[in-house]
Participant: 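Okay, handing you the structure first.
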Amino acid sequence: MPLLPFIDLPNHLAESTIFKYHEGQDNVFSEYYQPTPWYFPNSFHTVFCSFFPSVEFGNKVFHIVYIACLYAAVFLVIAHLKGNLWYGMLAVLCTYNYNVTFGFVGFAMSIPMLLFLFYFTLLDLERDKWGLKAAIAALLIVTYLMHAQNALLGLVIYGGLIVYRYQSSIRKILTNGLLVGFPLVAFMLAWWFTREGENESSTLGYLFEYYKSDYFSTFYMRAGLFVFDNFQLRAGTPGLIIATIFFSCILLPLLWFRPWSARPVRVFIPQAFYAFLFFMITFLCYLFLPDRLPGQTPLFQRLCTVVVLAFIILGSVWLSDVRAKGLKYFVVVVCIVYTGTWLEYIQTFNRESKDFNREFLAGIDNDSKLAGLIYANSFRGRKVYIHFPNYFIVWNKGIAASKIIDYRFGVIRRAAPGSYLPFYHDYIGDHYKPQPQYSQMDYLLVRGMAPASEDQNLNGFGLIRKKEVGAVAAGENATMPRVYAWTTQSNCPSE
């Protein structure tokens with residue numbers, strides 16, 4: 001299947017593969033990896049893809065479902081608020097957003113869940129039905145299984161809306177808040193007090209220091225809201241320009257039709273207030289969340305897509321009376337250009353990576369251990385190759401040194417001591433240094449040339465397979481010492 005240029009995606013495919021085959025007799029996963037319980041956060045993609053014959057096929061279905069849910073949720077919300085559905089189509093500009101392209105699969109899928117939650121909350125505020133409250137509570141749990149951060153944001157959004165709606169009734173606020181929020185809180189407490197948390201830095205201590213100093217010195221980073229979702233299309237300044245143009249397409253209809261100058265002023269129509277409240281809650285969270293927590297990064301940047309979608313919903317309400325054909329033509333053209341630009345990005349990436357496939361890693365026993373030396377780690381400025389050693393897990397059911405076992409909130413934990421399955425240095429292409437722990441590995445997957453004149457990491461390994469854009473090698477522990485080299489230039493030992 002074609003590869004997708006989403007940075008962390010190979011991690012999640014590996015997690016799903018381990019989850020699916022962990023107890024199988026045809027692999028040794030249980031000796032190295034330990035899945036967390038299904039009810040831990042961020043497990044949705046892992047479990048979802050494991051139901052399919054191939055986790056890669058399951059992942060494709062997952063992303064199709066994500067796109068369908070995103071468009072459906074935006075449509076339902078805007079239709080309910082009687083907004084302008086043509087303007088709302090600009091939500092297409094958020095399809096390949098910051099979270100999708102970083103490979104934050106759970107967070108990406110949780111975004112349409114937040115929109116569905118907003119929609120059901122609007123219905124509940126009008127009808128006050130127990131069935132709707134149950135649906136909202138269930139959505140919070142599903143969102144938690146996708147990503148805990150957005151589940152908490154969903155609870156804040158729901159809380160803000162019911163406080164406004166029932167501001168004269170404390171009893172109503174407490175009743176709704178407790179009934180809807182209790183299941184989520186129960187899940188989060190069960191996770192927090194049963195997970196492994198040894199040797200963790202203090203989260204509260206970090207936050208105290210962050211808001212005392214770093215928050216103000218790095219506040220300028222919040223301006224990335226205008227470009228975070230689409231700057232990946234090109235490296236450097238061209239990428240920023242393209243992202244700015246796409247973001248400007250969201251603003252241009254508002255500047256052209258100027259809803260604030262109409263009589264009556266459409267900005268202040270009643271249905272706009274809930275949309276405005278939704279936007280403000282997400283925007284304030286974006287402004288005040290930290291950029292990281294110990295063992296978790298990035299944070300506030302992930303919310304950029306939610307903020308932009310909330311603004312599109314608000315703008316659609318402001319433009320609810322606009323029927324100009326020019327708006328329809330403008331939106332259709334923008335969506336076509338956007339989709340074509342991203343399809344070109346994905347197709348070009350696959351042409352560059354065409355030699356990295358199952359056949360390239362064929363013939364390696366799945367009880368072998370592989371590590372990566374990904375020196376050439378970028379495609380158009382994005383480090384999309386850094387986690388490619390995980391495809392040895394996905395394709396061969398083999399053992400790879402991977403970041404997935406060392407993430408603080410990962411769904412696969414380390415079942416072997418660190419000296420037995422070494423820590424994976426994913427950014428070795430940017431910060432080269434010898435990796436003596438790799439001498440224990442049976443194979444190395446190499447991409448590009450080390451910046452050192454002599455790469456000590458290849459000592460004891462010999463080239464066994466090489467393609468135009470890559471290579472693999474095996475060490476003294478293997479039956480036949482070998483290296484698979486996947487590199488643009490040959491710096492590996494000769495065959």
Participant: Testing Phe104, Phe44, Phe107, Phe409 one by one against His147 for a ring-ring contact (aromatic ring centres under 6.0 Å, His included), which residue passes?
Facilitator: Phe107

Participant: Give the ring-plane orientation class for Tyr215 versus Phe219, where under 30° counts as parallel, over 60° as perpendicular and anything between as tilted.
Facilitator: perpendicular

Participant: Heavy atoms, side chains only, cut-off 4.5 Å: are Pro35 and Val411 in contact?
Facilitator: no

Participant: Looking only at atom types and distance, does a side-chain atom of Ser248 sit under 3.5 Å from a main-chain N or O of Thr244, one as donor and one as acceptor?
Facilitator: yes

Participant: For Ala151 versus Leu184, what's the shortest heavy-atom pair and its separation?
Facilitator: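 Looking at all heavy atoms of both residues, the closest pair is O-CD2, 3.7 Å.
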
Participant: Look at Glu352 together with Arg380 and state whether they make a salt bridge at an N to O cut-off of under 4.0 Å.
Facilitator: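 Not counted as a salt bridge, because no side-chain N and carboxylate O are separated by less than 4.0 Å.
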
Participant: Treating Arg222 as the side-chain partner and Leu287 as the backbone partner, does any N or O pair qualify as donor plus acceptor under 3.5 Å?
Facilitator: yes

Participant: Side chain to side chain donor-acceptor pair (under 3.5 Å), that's the test. Do Asn11 and Asn390 meet it? Break it down for me.
Facilitator: CA-CA 6 Å; Asn11 283 345; Asn390 280 311; 2.6 Å; yes

Participant: Just wondering, are more than 12 heavy atoms of other shown residues or ligands nearer than 6.0 Å to OH in Tyr329?
Facilitator: no

Participant: Distance from Asp406 atom CG to Asp426 atom CG, nearest 0.5 Å?
Facilitator: 10.0 Å

Participant: Closer than 3.5 angstrom, by distance alone: can the side chain of Ser110 be matched with the main-chain N or O of Met113 as a donor-acceptor pair?
Facilitator: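 Judged by distance alone, no pair lies under 3.5 Å.
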
Participant: For side chain to side chain contact (heavy atoms under 4.5 Å, CB included), just list the numbers for Tyr71 and Val92, CA-CA rounded to whole Å, side-chain angles, deciding distance to a tenth of an Å, and then say yes or no.
Facilitator: CA-CA 8 Å; Tyr71 297 168; Val92 169; 3.9 Å; yes

Participant: Any heavy-atom pair between the side chains of Tyr87 and Ile78 that's under 4.5 Å?
Facilitator: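 No; the side chains remain at least 4.5 Å from each other.
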
Participant: Verify the distance criterion only: is there a donor paired with an acceptor across the side chains of Asn27 and His22 at less than 3.5 Å?
Facilitator: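 No pair is found: no donor N or O on one side chain lies under 3.5 Å from an acceptor on the other.
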
Participant: Examine distances only and state if a side-chain atom of Asn230 and a backbone atom of Ile242 form a donor-acceptor pair shorter than 3.5 Å.
Facilitator: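 No.
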
Participant: For a quick check under 3.5 Å, do Tyr96 and Asp229 share a side-chain donor-acceptor pair by atom type?
Facilitator: no

Participant: Just wondering, do Gln347 and Asn350 contact through their side chains at under 4.5 Å, heavy atoms?
Facilitator: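 Result no, sub-4.5 Å side-chain heavy-atom pair not found.
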
Participant: Over 60° means perpendicular and under 30° means parallel, so classify the ring planes of Trp318 and Phe311, tilted if in between.
Facilitator: perpendicular

Participant: Mind checking whether His12 and Phe6 have side chains closer than 4.5 Å, heavy atoms only?
Facilitator: no

Participant: Kindly say whether Arg258 contributes a backbone atom to a donor-acceptor pair with the side chain of Ser261 at under 3.5 angstrom?
Facilitator: yes

Participant: Regarding Asn357 and Trp395, do their side chains bring together a donor and an acceptor under 3.5 Å, going by distance alone?
Facilitator: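 No, no side-chain donor-acceptor pair sits under 3.5 Å.
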
Participant: Measure the CD-OG1 distance between Glu15 and Thr36 for me, rounded to the nearest 0.5 Å.
Facilitator: 8.5 Å

Participant: Just how far is it from atom CZ of Phe379 to atom CD1 of Ile7, taken to the nearest 0.5 Å?
Facilitator: 12.0 Å

Participant: Keeping the roles fixed (side chain from Arg382, backbone from Ser378), state whether a donor-acceptor pair exists under 3.5 Å.
Facilitator: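 Flag not set: sc Arg382 to bb Ser378 has no pair under 3.5 Å.
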
Participant: Could you give me the CA-CA distance, side-chain angles and deciding distance for Thr95 and Tyr338, then say whether side chain to side chain donor-acceptor pair (under 3.5 Å) is met?
Facilitator: CA-CA 10 Å; Thr95 305; Tyr338 172 86; 4.8 Å; no

Participant: Quick check with a 6.0 Å cut-off and a 45 degree axis cone: is Lys397 positioned over the face of Tyr21's six-membered ring?
Facilitator: yes

Participant: Do the non-hydrogen side-chain atoms of Leu370 and Leu444 ever get within less than 4.5 Å of each other?
Facilitator: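 No, their side chains stay 4.5 Å or more apart.
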
Participant: Are Ser320 and Asn84 linked by a side-chain donor-acceptor pair shorter than 3.5 Å?
Facilitator: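 Note: Ser320 and Asn84 side chains miss the donor-acceptor criterion.
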
Participant: Angle class for the Tyr210/Tyr206 ring planes (parallel below 30°, perpendicular above 60°, tilted otherwise)?
Facilitator: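 Because their plane-to-plane angle is under 30°, the rings of Tyr210 and Tyr206 count as parallel.
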
Participant: For the residue pair Tyr33 and Ser402, confirm or rule out a side-chain donor-acceptor distance under 3.5 Å.
Facilitator: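 No donor-acceptor contact under 3.5 Å links the two side chains.
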
Participant: To the nearest 0.5 Å, what is the distance between CG on Leu70 and CG on Asn97?
Facilitator: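 Rounded to the nearest 0.5 Å, the CG-CG separation comes to 7.5 Å.
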
Participant: What's the spacing between Asn42 CG and Asn150 CG if we round to 0.5 Å?
Facilitator: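 If I round to the nearest 0.5 Å, the distance is 10.5 Å.
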
Participant: Test Trp256 against Leu252 for side chain to side chain contact (heavy atoms under 4.5 Å, CB included), laying out the working first.
Facilitator: CA-CA 6 Å; Trp256 181 265; Leu252 284 175; 6.0 Å; no

Participant: Go through Thr282 and Leu303 one step at a time and tell me if the side chain to side chain contact (heavy atoms under 4.5 Å, CB included) criterion holds.
Facilitator: CA-CA 7 Å; Thr282 58; Leu303 293 183; over 6 Å; no

Participant: Tell me whether Ser316 contacts the main-chain N or O of Gly83 through its side chain, where contact means a donor paired with an acceptor under 3.5 Å.
Facilitator: no

Participant: Could you tell me whether the side chain of Gln301 and the main chain of Thr297 form a donor-acceptor pair under 3.5 Å?
Facilitator: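 No, because the side chain of Gln301 does not come within donor-acceptor range (under 3.5 Å) of the backbone of Thr297.
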
Participant: Taking C-beta and beyond as the side chain, do Ile374 and Tyr424 meet within less than 4.5 Å on heavy atoms?
Facilitator: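 Touching, per the 4.5 Å side-chain cut-off.
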
Participant: Under the 3.5 angstrom rule, does the side chain of His63 hit a backbone N or O of Asn59 as a donor-acceptor pair?
Facilitator: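 Side chain of His63 to backbone of Asn59: a pair is present.
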
Participant: Do Tyr144 and Gln149 get their side chains close enough for a donor-acceptor pair, meaning under 3.5 Å?
Facilitator: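 Per modelled atom types, Tyr144 and Gln149 side chains form no pair under 3.5 Å.
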
Participant: Starting at CZ of Phe247, measure out to SG of Cys94 and round the result to the nearest 0.5 Å.
Facilitator: 9.0 Å

Participant: Of the non-hydrogen atoms in Pro451 and Tyr375, which two are nearest, and what is the gap between them?
Facilitator: CD-CD2, 4.4 Å

Participant: Please tell me whether Tyr164 and Phe273 form a close aromatic pair, meaning their ring centres lie under 6.0 Å apart.
Facilitator: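 When the ring centroids of Tyr164 and Phe273 are compared, they turn out to be within the sub-6.0 Å range.
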
Participant: Under 4.0 Å between a side-chain nitrogen and a carboxylate oxygen: does that hold for Lys383 and Asp430?
Facilitator: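 A salt bridge is present here (some side-chain N lies under 4.0 Å from a carboxylate O).
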
Participant: Go through the steps to decide whether Leu155 and Leu140 satisfy the test side chain to side chain contact (heavy atoms under 4.5 Å, CB included), and finish with yes or no.
Facilitator: CA-CA 7 Å; Leu155 193 59; Leu140 286 172; 3.9 Å; yes

Participant: Counting the benzene-type ring for Trp, do Phe116 and Phe120 have ring centres under 6.0 Å apart?
Facilitator: no

Participant: Closer than 4.0 angstrom, basic N to acidic O: yes or no for Glu344 and Arg234?
Facilitator: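 Here Glu344 pairs with Arg234 in a salt bridge, since their nearest N and O are under 4.0 Å apart.
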
Participant: Parallel, tilted or perpendicular, judged at 30° and 60°: which one describes the rings of Tyr391 and Phe388?
Facilitator: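 If you compare the ring of Tyr391 with that of Phe388, the planes turn out perpendicular.
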
Participant: Taking the side chain as every heavy atom from C-beta outward, state whether Leu153 and Thr143 have any atom pair closer than 4.5 Å.
Facilitator: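 No; the side chains remain at least 4.5 Å from each other.
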
Participant: Taking everything shown except Phe276 itself, do over 12 heavy atoms lie less than 6.0 Å from its CZ?
Facilitator: no

Participant: Side chains of Pro298 and Asp291, heavy atoms from C-beta outward: is any pair under 4.5 Å?
Facilitator: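 Answer no - side chains too far apart.
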
Participant: Less than 6.0 Å separating the ring centroids of Tyr438 and Phe423?
Facilitator: no

Participant: Which label fits Tyr345 and Trp342: parallel for a plane angle under 30°, tilted from 30 to 60°, or perpendicular past 60°?
Facilitator: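 Ring orientation of Tyr345 relative to Trp342: perpendicular.
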
Participant: Between His425 and His431, is there a donor-acceptor pair closer than 3.5 Å when you use the side chain of the first and the backbone of the second?
Facilitator: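 A pair under 3.5 Å: yes.
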
Participant: In terms of the angle between their ring planes, are Phe62 and His45 parallel, tilted or perpendicular, with boundaries placed at 30° and 60°?
Facilitator: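 Phe62 vs His45 ring planes: perpendicular.
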
Participant: For Gln232 and Phe228, work out which heavy atoms get closest and say how close.
Facilitator: NE2-O, 3.2 Å

